[in-house]
Amino acid sequence: MEKYKTPSAVVVLLVRQNAGKTQILLQKRKNTGFGDGLWDLSCSGHVEYKESFKKAAVRECFEELGIRVEEKSLNFFALVHKRDEECDLTYINPYFYAEEFLGEPKICEQEKCSQIKWYNIDELPADLLEDRKQAITAFLNGNKYIEYGW
């Protein structure tokens, strides 16, 4: 068994106000091998070697959605310690939200995402990844730590 090989991925939630409602941007996954056909939060991705969580989040926002987010605009809201039995991995996933970004979100990785859509935070689709549902609840309730899949 190799030591110290726990993968981490950052997850970013884009938030906006529209007609007095809080909305979040979701993406529908495809061809990734994880959660394909289900809705996910705005963007997510693995943290690369020698990359901070915030730098990874900034990179993923640009790669997946074509938007620019400054590190100072990323707000930490939860840490998820996730056990994924399907791929036999344990992940440490920090979650951030951003209300300020430059550009209009669009699908930049069409091979991995079939759709993006703004949803009212209290009217989310049923086919949302389960651990992401828990993260949204944490966002709303101020819970900073989640254990999932244990």
*Do the non-hydrogen side-chain atoms of Leu14 and Leu41 ever get within less than 4.5 Å of each other?*
no
*Flag yes if Val12 and Phe53 sit in one hydrophobic cluster, no otherwise; membership is Ile, Leu, Val, Met, Phe, Trp, Tyr, and two members link when side-chain heavy atoms are under 4.5 Å apart.*
yes
*Verify side chain to side chain contact (heavy atoms under 4.5 Å, CB included) between Gln27 and Cys43, making sure each step is shown before the conclusion.*
CA-CA 7 Å; Gln27 65 167 294; Cys43 67; 4.1 Å; yes
Without placing hydrogens or testing angles, list every side-chain donor-acceptor pair under 3.5 Å for residues 66-79, not counting sequence neighbours.
{"unit_1": "Glu71", "atom_1": "OE2", "unit_2": "Lys55", "atom_2": "NZ", "d": "2.9"}
{"unit_1": "Asn75", "atom_1": "ND2", "unit_2": "Ser73", "atom_2": "O", "d": "3.2"}
{"unit_1": "Asn75", "atom_1": "ND2", "unit_2": "Tyr97", "atom_2": "O", "d": "3.3"}

*Kindly state each residue pair satisfying salt bridge (charged side-chain N to carboxylate O under 4.0 Å, His left out) with at least one member in residues 104-120, sequence neighbours excluded.*
none
*Just how far is it from atom CZ of Arg29 to atom OG of Ser114, taken to the nearest 0.5 Å?*
11.0 Å
_Distance check, rounded to the nearest 0.5 Å: Tyr148 atom OH versus Asp84 atom CG?_
8.5 Å
Which donor-acceptor pairs under 3.5 Å do the side chains of residues 119-144 make with protein atoms, sequence neighbours left out?
{"unit_1": "Asn120", "atom_1": "OD1", "unit_2": "Gln23", "atom_2": "NE2", "d": "3.1"}
{"unit_1": "Asn120", "atom_1": "ND2", "unit_2": "Glu123", "atom_2": "OE1", "d": "3.2"}
{"unit_1": "Asp131", "atom_1": "OD2", "unit_2": "Lys82", "atom_2": "NZ", "d": "3.1"}
{"unit_1": "Arg132", "atom_1": "NE", "unit_2": "Asp40", "atom_2": "OD1", "d": "2.6"}
{"unit_1": "Arg132", "atom_1": "NH1", "unit_2": "Tyr95", "atom_2": "OH", "d": "3.3"}
{"unit_1": "Arg132", "atom_1": "NH2", "unit_2": "Asp40", "atom_2": "OD1", "d": "3.4"}
{"unit_1": "Arg132", "atom_1": "NH2", "unit_2": "Asp40", "atom_2": "OD2", "d": "3.4"}
{"unit_1": "Lys133", "atom_1": "NZ", "unit_2": "Ala126", "atom_2": "O", "d": "3.3"}
{"unit_1": "Thr137", "atom_1": "OG1", "unit_2": "Lys133", "atom_2": "O", "d": "3.2"}
{"unit_1": "Asn141", "atom_1": "ND2", "unit_2": "Thr137", "atom_2": "O", "d": "3.3"}
{"unit_1": "Asn143", "atom_1": "OD1", "unit_2": "Tyr145", "atom_2": "N", "d": "3.4"}
{"unit_1": "Asn143", "atom_1": "ND2", "unit_2": "Tyr145", "atom_2": "O", "d": "3.3"}

*asked:* Restricting to side-chain contact (heavy atoms from CB on, under 4.5 Å), what partner residues turn up for Gln110, sequence neighbours left out?
replied: Ile107
*Treating Ile, Leu, Val, Met, Phe, Trp and Tyr as nodes and any side-chain heavy-atom pair under 4.5 angstrom as an edge, say whether Ile146 and Leu13 lie in one connected cluster.*
yes
*Decide yes or no for Leu26 and Ser42: does some side-chain heavy atom of the first lie under 4.5 Å from some side-chain heavy atom of the second?*
no
*Would a hydrophobic clustering, with Ile, Leu, Val, Met, Phe, Trp and Tyr connected at side-chain separations under 4.5 Å, put Leu25 with Trp39?*
no
*asked:* Could you work out, with side-chain contact (heavy atoms from CB on, under 4.5 Å) as the rule, every residue matching Glu48, not counting sequence neighbours?
replied: Glu51, Arg59
*Steps toward side chain to side chain contact (heavy atoms under 4.5 Å, CB included) verdict (His81, Tyr91)*: CA-CA 6 Å; His81 188 202; Tyr91 276 85; over 6 Å; no
*Determine whether Phe96 and Val11 make a side-chain contact, defined as any pair of heavy atoms from C-beta on separated by less than 4.5 Å.*
no
_Applying side-chain hydrogen bond (donor to acceptor under 3.5 Å, both in side chains), can you list everything that pairs with Gln17, at least two apart in sequence or on another chain?_
Thr22
*Same hydrophobic cluster for Leu102 and Phe62, using side-chain heavy-atom links shorter than 4.5 Å among ILVMFWY?*
no
*Between atom SG of Cys108 and atom CD of Glu63, what is the distance when rounded to the nearest 0.5 Å?*
9.5 Å
*Side-chain ion pair, Asp36 and Lys28, N-O less than 4.0 Å*: no
_Going by ring-ring contact (aromatic ring centres under 6.0 Å, His included), name the pairs with one or both residues in residues 10-38, residues two or more places apart or in two chains._
none
*Less than 4.5 Å apart, any side-chain heavy atom of Thr90 and any of Trp150?*
yes
*Joint hydrophobic cluster, Val80 plus Val15, side-chain heavy atoms closer than 4.5 Å*: yes
